[in-house]
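All values below were derived from every heavy atom in this structure, side-chain atoms included, with hydrogens, water molecules and symmetry-related copies excluded. All values reported here derive from a predicted model rather than from experimental measurement. Order of the sequence lines sets the chain letters (A, B, ...), proteins ahead of strands, with each chain counted from 1.
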Amino acid sequence: MSRYSPAEIEAKWQAAWDAAGTFTARRDPGKPKYYVLEMFPYPSGRIHIGHVRNYTMGDVIARYKLATGHNVLHPMGFDAFGMPAENAAMASGGHPRDWTYGNIDDMVAQMKPLGFGLDWSRMFATCDPEYYGQQQALFLDFLQAGLVERKNATVNWDPVDRTVLANEQVIDGKGWRSGAEVERRELTQWFFKISDFSEELLEALDTLDDWPAKVRLMQSNWIGKSRGLQFSFSMVAPQGAHDRIEVYTTRPDTLMGASFIGISPDHPLAKELERDNAEVAAFCKQARQGGTTEEALEKAEKLGFDTGLTVRHPFDTAWELPVYIANFILMDYGTGAIFGCPAHDQRDLDFARKYDLPTPLVFTDLRAGDPAGPEIYSGGSIGGLPVTVNPETGDKAFVPGKSERVRYIRGFAGDEVQTGDEAVEAAIAACESQGVGRGVTQFRLRDWGLSRQRYWGCPIPVVHCEACGVVPERKDNLPIELPYDEDGTPIDFSVPGNPLDRHPSWRDCACPACGAPAQRETDTMDTFVDSSWYFARFTAPRATTPTDRAEADYWMNVDQYIGGIEHAILHLLYSRFFARAMHITGHLPEKSKEPFNALFTQGMVTHAIFQTRDAGGRPVYHYPADVAFRDGKGFLEDGTEVEIIPSAKMSKSKKNVVDPERIIATYGADTARWFVLSDSPPERDVEWTASGAEAANRHLARVHRIASDIAQADTPANADDDALLKEMHKTIFDVTQGIDSFGFNASIARLYAFTNVLQKSKAGAEAKRRAARVLAQLMSPMTPHLSEELWAMLGGTGLIAEQPWPEADAAMLVEDTVTMPIQINGKRRAEIEVPKDLPKDEVEKLALAEDAVQRALGDGPPKKLIVVPGRIVNVVV
RNA sequence: GCGGGCGUGGUGGAACGGUAGACACAAGCGACUUAAAAUCGCUAGAGCGUAGCUCGUGCGGGUUCGACUCCCGCCGCCCGCACCA
C-alpha cells in the first residue's frame with residue numbers, strides 16, 4: 001500500500017495541469033465566464049502565510065467554478081512600484097529595479113509549489129514598462145477628457161532633508177531620517193478629479209449587493225455627503241482685499257451659539273496677516289508643524305492665535321466675534337474657515353476653554369430641568385439665556401445625535417422642540433430667505449492627489465515648456481521609461497529626494513508641441529494608480545493599448561474579488577473611479593463602471609508570540625521552532641518556560657512568523673491549504689498553530705489511507721450502501737453550500753464528519769468507492785493534489801480538476817422524522833421524535849404528555865404553548 | 001480624535017431569533033505493541049445535594065414565549081483615516 005507522500009504527488013499533478021493547460025484562460029463566448037481575482041501582492045521577496053490563505057480562497061473558488069462549467073480567469077501579478085524598493089536601495093545599495101525583479105522571481109518560485117490554478121501566462125508587474133506605458137496612455141486620455149487637473153496640495157515637508165515625506169515616514173511629527181520637526185507645506189500637484197463623481201460613487205454603492213455591508217458603509221462615510229450652509233461673516237474692519245470670511249457649516253442650527261471664527265494658517269487672510277506681522281508669522285509657522293494626516297491633526301493640541309480682527313454675526317450686527325488662526329483647520333476642507341460653537345462641539349469647547357471664550361448654549365436635553373434628568377447648564381447668561389455649560393460636566397460638550405429631539409433655547413427656525421436634522425433644514429431655509437448664505441450639499445471626499453516626488457513609480461507623462469506651459473507627451477513617445485542609470489553612472493539613492501530631479505539627461509527633452517528645449521515632469525504617480533486598473537489589464541495583458549475591448553467586454557467584470565479589509569476604502573474607491581474614467585475614455589464597457597461584482601474581505605493569519613523577559617524585564621521573543629510543548633506549556637531548550645501571547649499579528653520583530661516554504665517542505669502544500677481554511681471563518685483571523693498544521697497533515701494522510709483501503713476492498717453490496725450514499729448526498733449539498741457562501745471552514749468541518757462516516761461504514765466496495773471519489777472531488781478545491789491522487793487510485797478517469805462538480809440528489813436529502821426539542825420557559829427539558837409533517841395539535845399532545853412537562857405543569861394548564869413546526873416546542877408555565 | 005468591525009469551553013471555532021459548544025486542537029483514559037511511534041476506541045463547559053438541578057456566549061440594562069443573535073450604554077482588542085502597500 002502506498003503512503004501519503006506530498007512531495008511526490010504535488011510535483012506530479014502540477015506538471016499534469018501544466019501539460020493539460022487546465023488553467024490557461026481563453027476567451028470562449030460559448031461558455032459562461034468567471035473572473036476570480038485576489039488582490040495582487042507587493043513583491044517584498046517572501047510570501048507569507050497570509051498570502052497562502054488569500055490565494056487559497058481564490059483558488060477554491062476558481063477550481064469550483066471550473067468544475068461547475070465556467071470558463072475561468074484567475075490571474076496573478078505584482079504591485080511592484082513603491083517605497084520599499086527605494087528604501088532598500090538607500091539602505092544597502094543596489095537598484096530598485098533589480099531588487100524588485102529579484103523579489104518577483106523569488107516569490108513566483110515560492111508560490112508555484114502551492115499548486116494554485118493560476119493562468120501564469122498573464123502575469124505582469126506594474127513596474128514593467130509595457131504596463132506603466134499603458135498607464136501613461138490612460139493618464140493622457142484622462143487629461144484630455146478633463147478628468148485630471150493641477151492644483152495645490154498639503155504635503156509633509158522635511159526642512160532638513162529638503163524632501164517630501166510619506167505619512168509613514170513622519171514619526172511623532174518628526175522626519176524619520178533627519179528627526180527634524182515636519183512642516184505642512186503646499187505644493188502644486190496633479191489630481192484626478194474623483195470628487196466630480198462623489199454623488200455617483202455614493203449612489204452606486206446601493207447596487208453592490210455582493211459587497212460586505214461594512215465596506216459599503218465605510219465608503220459611504222468616507223465620501224461623506226452632507227447638507228449645510230455656506231455663508232459669510234462680514235469683517236468689522238476690512239483687512240486689505242478681505243472684507244468677509246466665507247464659512248461652511250453642517251450645523252447652521254447652532255449659528256446662535258457661535259463664539260469665534262477659526263481660519264486655517266493657509267487661509268488667504270492668514271497669509272496676508274503673516275506678511276507684515278512677525279507674531280502671526282511665528283504662530284503660523286508653529287501651526288504648520290506636524291504631519292498632514294487627519295489623525296495627527298485631530299490628536300494634536302489645539303492652538304489658536306487671536307488676530308484681533310472681529311466679524312459681525314449675520315443675525316445681530318452688534319454681536320462681534322473674534323477671528324482666530326487655528327492649527328486644526330486645513331485649507332483643503334471646505335472654505336478653510338469655520339465658526340466655533342463650543343456648547344455643541346467637543347473640539348470647539350476645548351478651544352473655547354483654552355482661550356476663555358463664551359459657550360452659549362443652543363439647545364438642551366428634553367429632560368433638562370427634570371430632577372431625574374441630566375443637568376446641562378447653570379451659571380451666567382447672555383440676554384437672559386444660559387451661557388456656561390455646567391461646570392461639573394464643563395469639559396464635555398452636549399452633542400446629541402442629529403436624529404434626537406432636543407429643546408432649542410437659541411433656535412431661530414423651526415419648532416422649539418425638534419430633531420437636529422429638522423433644525424438644520426429649517427435653519428437653511430430661514431437663512432436663505434433672509435439672504436444669509438445658501439444651502440449647499442458638500443462631500444468629504446477630496447480629489448485624488450497622484451503626484452509623488454519619488455523615483456520608483458510611473459513617470460507622469462507631461463513636459464514643462466517655457467513657451468507652451470504644461471504639455472502632454474505624445475502617445476508615440478510612450479512609454480516614458482524610468483532611467484536605469486545616469487548615463488552609465490549608477491543613480492545615487494543615498495541622497496534624500498527624487499533622483500529624477502537631479503538627472504539632467506533624462507529630465508531635459510524637447511517640447512512635444514513646439515520642439516524647443518523643455519523639461520520633463522519629474523514626479524511619478526501614486527502607486528494606488530497602478531492598482532486601480534490592473535484587473536482590467538489582466539483581460540489582455542499584452543495588448544498595445546491599455547485594454548483590448550473584445551477581451552475586456554468578455555471577461556469583465558471581476559466576478560469575485562478577494563482581499564484584505566485594509567483596502568476597504570482607498571484602493572476600492574480609486575478602482576471604482578478608474579473604472580468610470582476608463583469607460584468615459586472608451587477603455588472599458590458601460591457594465592464595468594462597477595468593476596467588482598462581489599467582494600470578500602478575508603482575515604489575517606495570526607500566531608502566538610513566545611516571550612521571556614531579560615534581566616531588565618524587557619520582553620525577549622523566540623521563534624516557534626525554538627519552543628517545545630509539554631502539558632500545554634511552552635519551553636525553551638534550556639527548560640525556561642515561555643509566556644504565550646495568543647493570536648497576534650505576525651511580525652518579524654516579534655518572531656511569531658511561519659515560513660510557507662518550510663511548511664510545504666514539512667507537510668506539503670495541501671496541508672497548508674487545508675489548514676489555513678479549516679479553523680476559522682474566512683472573514684475572520686485564523687491562528688496558525690504547529691499542532692493544527694500537524695493535525696491537518698494527519699487527516700490528509702488518513703484520507704489517503706482510507707481511500708487506498710477502499711480502492712482494494714471487495715465487500716459485496718449490502719444494506720449499508722444506502723445510508724452511506726444518503727450521507728454522501730447530504731455532504732455534497734452542505735460542502736457546495738459552504739463553498740458558495742465562503743463558508744470554507746464549514747465545508748471542511750463537514751468533510752471531516754463525512755470522512756468519519758466513510759471510515760466506519762460497512763457498505764459494499766462499490767458504494768464506498770463511489771463515496772470516496774465524491775469525497776476526493778469535494779476536497780479538490782482545497783487539496784487539489786491529494787484529490788487527483790485519490791481520483792486516479794479509485795478508478796476515476798481524466799483529471800479531477802476537469803471533472804464536473806458532483807450534484808446532490810434532492811430525493812436523498814429528505815428525512816422522514818425530526819427531533820423536536822421541548823422547552824419549558826425557554827429552557828430545553830426534553831425532546832420528541834416526530835414524523836416530519838405531523839400536524840401542530842398532534843405535536844402539542846405529544847409534548848404535553850412528556851414527563852418533564854407534566855412535572856413542570858403540576859395540575860394547571862400551560863400559560864402558553866408555542867409550536868414552531870419542525871423546529872421547537874416551548875411550554876410556558 | 002473620527003469612521004468601521006470583533007468579543008462564545010483550556011484553545012480555534014459552530015449555531016435562518018428556536019436543543020449553546022458542530023468540527024477540530026490540546027488534555028485524560030483504554031486497545032494494539034516487548035516498548036515507543038503511528039493507528040483505533042472512549043471521556044470531556046463550570047458547579048452541585050449527580051436518575052436530576054443550577055449557572056454559563058466581554059460587562060450592565062432592555063425587547064421577546066424564547067437572545068450568542070435585535071435595541072441602548074460601557075469595557076477590551078483589531079482595521080482605516082487620503083504620500084505604507
* For A:I822, report the nucleic acid contact type (base, sugar-phosphate, nothing); a contact means any heavy atom under 4.0 Å. => nothing

* **Atom NZ of A:K827 with >12 non-hydrogen neighbours under 6.0 angstrom** => no

* Asked: Under 4.0 Å: is that the gap between some side-chain N or O of A:R698 and OP1 or OP2 of B:rA37?
  -> no

* Which value, in whole Å, describes the distance between the C1' atoms of nucleotides B:rG21 and B:rG13? -> 9 Å

* Can a salt bridge be assigned to the pair A:K840 and A:E844 using a cut-off of 4.0 Å between side-chain N and carboxylate O? -> no

* Asked: Would you say the side chains of A:D447 and A:S195 form a donor-acceptor pair under 3.5 Å?
  -> yes

* Between atom CG in A:L573 and atom P in B:rC79, what is the gap in whole Å? -> 21 Å

* Is the distance from OP1 or OP2 of B:rC83 to the nearest side-chain N or O of A:R452 less than 4.0 Å? -> yes

* Structure fact -> Residue pair A:I706/A:P821 against RNA chain B: nearer the 5' end by closest nucleotide is A:P821

* Asked: Is any side-chain N or O of A:N756 closer than 4.0 Å to OP1 or OP2 of B:rA24?
  -> yes

* **Salt-bridge present (A:D734, A:R750; N to O < 4.0 Å)** => yes

* To do: Can you tell me the distance, in whole Å, between the CD atom of A:E683 and the P atom of B:rG7?
  => 10 Å

* Asked: Does A:S680 make a side-chain N or O approach to OP1 or OP2 of B:rG13 shorter than 4.0 Å?
  -> yes

* Asked: Quick one: are the ring centres of A:F40 and A:F535 less than 6.0 Å apart?
  -> no

* To do: Could you tell me whether A:H571 contacts a base, only the sugar-phosphate backbone, or nothing, with contacts defined as non-hydrogen atoms closer than 4.0 Å?
  => nothing

* Asked: Mind checking the C1' distance from B:rG28 to B:rG80? Whole angstroms is fine.
  -> 46 Å

* To do: Provide the distance between the two P atoms, one in B:rG17 and one in B:rC83, to the nearest whole Å.
  => 40 Å

* With a 4.0 Å cut-off on heavy atoms, is A:K302 in touch with a base, just the backbone sugar-phosphate, or nothing at all? -> nothing

* Asked: Quick one: does A:E295 reach the base of B:rC81 with a side-chain donor-acceptor pair under 3.5 Å?
  -> yes

* Asked: Taking only side-chain nitrogens and oxygens of A:K214, does any of them come within less than 4.0 Å of OP1 or OP2 of B:rG4?
  -> no

* **Side-chain donor/acceptor of A:Q823 to base of B:rC65, under 3.5 Å** => no

* Asked: Can you check whether A:N221 has a side-chain N or O nearer than 4.0 Å to OP1 or OP2 of B:rC2?
  -> no

* Examine A:F675 together with A:Y667 and report whether their ring centres are nearer than 6.0 Å. => no

* Asked: Taking the chi torsion of B:rG9, is it syn (within 90° of 0) or anti (everything else)?
  -> syn

* Asked: Does A:R829 have a side-chain nitrogen or oxygen under 4.0 Å from the phosphate oxygens OP1 or OP2 of B:rG66?
  -> no

* NA contact type, A:S678, heavy-atom cut-off 4.0 Å: base, sugar-phosphate, or nothing? -> nothing

* Given B:rC16, is OP1 or OP2 found less than 4.0 Å from the side-chain N or O atoms of A:R871? -> no

* Is there a side-chain polar atom (N or O) of A:T527 under 4.0 Å from OP1 or OP2 of B:rA85? -> yes

* Lys/Arg N to Asp/Glu carboxylate O, A:R452 vs A:D526, below 4.0 Å -> yes

* To do: Could you work out the separation of B:rG12 and B:rG7 based on their C1' atoms and round it to a whole Å?
  => 14 Å

* For RNA chain B, find the residues of residues 738-752 of chain A with a heavy-atom distance under 4.0 Å and give them by number; none if there aren't any. => A:N745, A:A749, A:Y752

* Would you classify A:P681 as touching base, sugar-phosphate or nothing, given that sugar-phosphate means primed atoms plus P, OP1 and OP2, and contacts are heavy atoms under 4.0 Å? => sugar-phosphate

* Asked: Which whole-number value in Å describes the distance from A:K827 NZ to B:rA67 C1'?
  -> 11 Å

* Asked: If you look at every strand shown and take non-hydrogen atoms under 4.0 Å, does A:W448 touch a base, only sugar-phosphate, or nothing?
  -> nothing

* Any A:Q759 side-chain N or O less than 4.0 Å from OP1/OP2 of B:rC40 -> yes

* Asked: What nucleic acid atoms does A:G449 come within less than 4.0 Å of, heavy atoms only: base, sugar-phosphate, or nothing?
  -> sugar-phosphate

* Asked: Starting at CG of A:N167 and ending at P of B:rG80, how long is that distance when rounded to a whole Å?
  -> 13 Å

* Across the strands shown, which category fits A:V155 at heavy-atom distances under 4.0 angstrom: base, sugar-phosphate, nothing? -> base

* Looking only at atom P, what distance separates B:rG66 and B:rA20, rounded to whole Å? -> 14 Å

* **C1' atoms of B:rG5 and B:rG41, separation to the nearest Å** => 43 Å

* Asked: Touch check for A:A695, heavy atoms < 4.0 angstrom, all strands: base, sugar-phosphate only, or nothing?
  -> sugar-phosphate

* Find the distance A:R702:CZ to B:rC23:P and express it as a whole number of Å. => 12 Å

* Atom pair distance, as rounded to whole Å: CH2 in A:W674 and P in B:rA24 -> 11 Å

* For A:L217, report the nucleic acid contact type (base, sugar-phosphate, nothing); a contact means any heavy atom under 4.0 Å. => sugar-phosphate

* Asked: Hey, does A:V164 reach any base, or is it just sugar-phosphate, or nothing, if we go heavy atoms under 4.0 Å?
  -> base

* To do: Would you please indicate if the ring centroids of A:F754 and A:Y752 are separated by under 6.0 Å?
  => no

* **Pair A:F191 + A:W448: ring centers closer than 6.0 Å** => no

* Asked: Can you tell me if A:Q759 and A:R702 form a side-chain donor-acceptor pair at under 3.5 Å?
  -> yes

* Which whole number of Å gives the distance between the P atom of B:rC72 and that of B:rA82? -> 29 Å

* To do: Indicate, with a heavy-atom threshold strictly under 4.0 Å, whether A:E694 touches base, sugar-phosphate, or nothing.
  => nothing

* Structure fact -> In whole angstroms, the gap separating C1' of B:rA85 from CH2 of A:W456 amounts to 16 Å

* Determine, using ring centers only, whether A:F192 and A:Y574 are less than 6.0 Å apart. => no

* A:S691 vs A:I872, nearer the 5' end of RNA chain B by closest nucleotide -> A:I872

* When all nucleic acid strands are considered with a 4.0 Å heavy-atom cut-off, which category describes A:V868: base, sugar-phosphate, or nothing? -> base

* Would you say A:S575's side chain and A:L572's backbone share a donor-acceptor pair under 3.5 angstrom? -> no

* With a 4.0 Å cut-off on heavy atoms, is A:R684 in touch with a base, just the backbone sugar-phosphate, or nothing at all? -> sugar-phosphate

* Do A:V215 and A:L599 have side chains that get closer than 4.5 Å, going by heavy atoms? -> yes

* Is there a donor on the side chain of A:N874 or the base of B:rC65 sitting less than 3.5 Å from an acceptor on the other? -> yes

* To do: Look at the side chain of A:Q189 against the base of B:rC83 and say whether a donor-acceptor pair falls under 3.5 Å; ignore hydrogens and angles.
  => yes

* Asked: Which is it for A:D158 and A:S178 under the side chain to side chain donor-acceptor pair (under 3.5 Å) test, yes or no, and what are the steps along the way?
  -> CA-CA 8 Å; A:D158 185 323; A:S178 68; 2.6 Å; yes

* Structure fact -> For RNA chain B, the expected dot-bracket line (Watson-Crick or G-U under 3.5 Å, [ ] crossing, | inter-strand) is (((((((..(((.....[....))).(((((.......))))).((((...))))..(((((..]....))))))))))))....

* **Distance, P atom - from B:rG3 to B:rG9, rounded to whole angstrom** => 30 Å

* Can you tell me how far P of B:rG45 sits from CZ of A:R828, to the nearest Å? -> 13 Å

